[in-house]
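Only heavy atoms go into these numbers, but all of them, side chains included; no hydrogens, no water, no symmetry mates.
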Amino acid sequence: MIAARGPKTFLVLVLIASVSGCASMLSGSQEAYARQTLAAVVKSIAGDRHDDINGYARAAVSAIKRDPVAQDVVSLVGILERKPFTQIDPFGTLVFRVQLEADNEGWASRKAFDGCYKIDFNQYGATDKRVWKGTNYLHQQPCLAEAKPVAPPIDKSIKYVVAANAEEAATSVLSEMTSDAGLDSDAIAAKILALLDVPGGEYEVLAPPTVIVADGNVGVAMGYKPHDCVLVARVDDVVSRIRPPSILLEPGELGCRPETALMDAAELAPPH
């Protein structure tokens with residue numbers, strides 16, 4: 001015989017169901033918090049450009065140290081190199097570990113969380129473009145017992161760095177020129193180079209200016225990629241900084257060249 005269930009019994013059942021549901025939700029919130037914390041780190045480096053996976057590993061470690069939340073719970077535990085078939089294929093994978101302590105304070109407890117996540121990168125950044133929209137691209141995987149923080153190799157490659165005063169130096173030299181002066185590209189480059197601030201990094205080398213003289217006009221370029229390219233032109237005795245759309249400064253396009261600085265507005269218009 002089954003005993004009748006009154007309002008009090010029903011209320012108890014409801015409370016039990018509610019508490020069980022909240023406990024499950026809180027347990028899931030640990031994983032959601034882990035993804036949110038890691039996503040902030042990944043997003044901060046997702047648009048970087050590095051020549052290999054070690055470059056992204058160094059950027060990731062720096063990003064973790066800068067983040068007051070991530071620095072206590074996120075660690076880089078794996079750097080996997082891969083051989084890409086094309087430029088857009090991943091050339092490596094970073095493995096992150098997120099560890100959250102149990103929280104037994106308050107009316108509900110949260111279990112400890114320990115999960116690992118893999119992110120692929122190519123020379124253009126993170127390959128999964130969902131990094132800009134949320135955390136759904138992150139899928140938790142069990143962490144290997146030997147998953148310990150790893151230190152990326154030191155970057156000993158030589159880096160050509162555009163001087164902080166590149167535009168100022170080029171503008172100064174071109175502005176002081178007289179229209180009837182003999183225009184020699186090597187002499188102009190030497191004068192600009194003498195004014196440039198020298199970079200202080202251990203493996204940094206100053207990016208030299210390249211100069212072209214055409215029909216009495218002068219074009220100057222410093223840098224190699226869209227993010228560091230400085231173009232200055234003297235056309236009809238008027239000196240100005242030239243700022244083409246970034247896409248036109250990519251390799252294979254017009255590029256960061258002194259010739260680009262002397263192109264007319266139509267040639268430097270954004271592509272359609």
Side-chain angles (χ1 to χ4, degrees), residues 44-52 54-56 58-59 62-63 66 87 123-125 154-272:
S44 70
I45 66 171
D48 292 356
R49 291 194 175 187
H50 297 283
D51 295 328
D52 57 28
N54 290 323
Y56 286 104
R58 286 186 286 269
S62 296
R66 292 193 305 267
Q87 288 184 330
Q123 66 175 350
Y124 300 109
I154 297 174
D155 185 7
K156 296 184 178 180
S157 59
I158 299 299
K159 294 183 178 63
Y160 285 93
V161 178
V162 176
N165 67 332
E167 179 181 353
E168 178 185 351
T171 300
S172 175
V173 171
L174 297 188
S175 298
E176 292 175 358
M177 293 168 46
T178 57
S179 58
D180 58 348
L183 300 178
D184 180 79
S185 59
D186 291 338
I188 296 171
K191 289 181 179 180
I192 296 173
L193 184 61
L195 297 178
L196 297 176
D197 294 335
V198 178
E202 184 177 2
Y203 299 101
E204 293 181 342
V205 175
L206 185 64
T210 55
V211 179
I212 187 175
V213 177
D215 300 324
N217 298 320
V218 183
V220 178
M222 284 171 276
Y224 302 95
K225 297 181 179 180
H227 73 274
D228 68 358
C229 182
V230 174
L231 299 174
V232 180
R234 177 186 169 108
V235 178
D236 297 331
D237 296 334
V238 177
V239 179
S240 59
R241 170 76 184 268
I242 308 301
R243 301 178 186 273
S246 295
I247 186 64
L248 296 181
L249 299 176
E250 293 280 0
E253 299 293 336
L254 298 179
C256 187
R257 304 181 302 126
E259 292 86 352
T260 304
L262 292 181
M263 291 182 175
D264 58 37
E267 293 174 296
L268 298 179
H272 297 290

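Side-chain atoms of Y56 come within 3.5 Å of backbone N or O of D48 as a donor-acceptor pair. At least one donor-acceptor pair under 3.5 Å links the side chain of E267 to the backbone N or O of D264. Panel note: side chain N217, backbone D236; a donor-acceptor pair is recorded below 3.5 Å. In terms of modelled atom types and a separation under 3.5 Å, the side chain of D186 and the main chain of A189 share no donor-acceptor contact. For the pair D197 (side chain) and A164 (backbone), a donor-acceptor distance under 3.5 Å is absent.
Crowding of E168 atom CD: a count of heavy atoms from other residues, nucleotides or ligands under 6.0 Å not exceeding 12. The 12-atom threshold is not exceeded at OH of Y160, counting heavy atoms of other residues, nucleotides or ligands nearer than 6.0 Å. Applying the 6.0 Å contact sphere to CD1 of I158 captures more than 12 heavy atoms from other residues, nucleotides or ligands.
Here the side chains of S157 and D51 are not in contact, with every heavy-atom distance at 4.5 Å or above. Side-chain contact between T210 and P258 is present, with heavy atoms from C-beta onward closer than 4.5 Å. Side-chain contact check for P199 versus L206: some heavy-atom pair is nearer than 4.5 Å. Looking at heavy atoms from C-beta onward, T260 lies out of side-chain contact with I242 at the 4.5 angstrom threshold. Within the 4.5 Å cutoff, the side chain of Y203 has heavy atoms near those of the K156 side chain. Side-chain contact between R58 and N54 is present, with heavy atoms from C-beta onward closer than 4.5 Å. Considering only heavy atoms from C-beta on, I188 stays 4.5 Å or farther from K191 through its side chain.
The two atoms that bring A261 and A233 nearest to each other are O-CB, 3.4 Å, heavy atoms only. Between R241 and C229, the shortest heavy-atom contact is NH2-O, 3.4 Å. Closest approach of P245 to A269, counting heavy atoms only: CG-C, 4.2 Å. Of all heavy-atom pairs spanning G223 and V162, the tightest one is CA-CG2, 3.4 Å. Here the closest heavy-atom approach between residue M263 and residue L268 is recorded as O-CD1, 3.7 Å. The minimum heavy-atom distance linking V232 with A170 is given by the pair CG2-CB, 3.9 Å.
Going from atom CD1 of I212 over to atom CG of L183 covers 12.5 Å, rounded to the nearest 0.5 Å. Considering CD of E167 and OG of S172, their distance stands at 12.0 Å, rounded to 0.5 Å. The distance from atom CG of L254 to atom CG of L248, rounded to the nearest 0.5 Å, is 5.0 Å. Rounded to the nearest 0.5 angstrom, K225 NZ and R49 CZ are separated by 7.5 Å.
C256 pairs in a side chain to side chain contact (heavy atoms under 4.5 Å, CB included) with only one of the listed residues (L231, D228, V230), which is L231.
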Show your reasoning for whether side chain to side chain contact (heavy atoms under 4.5 Å, CB included) applies to N165 and L196. CA-CA 6 Å; N165 67 332; L196 297 176; 4.1 Å; yes

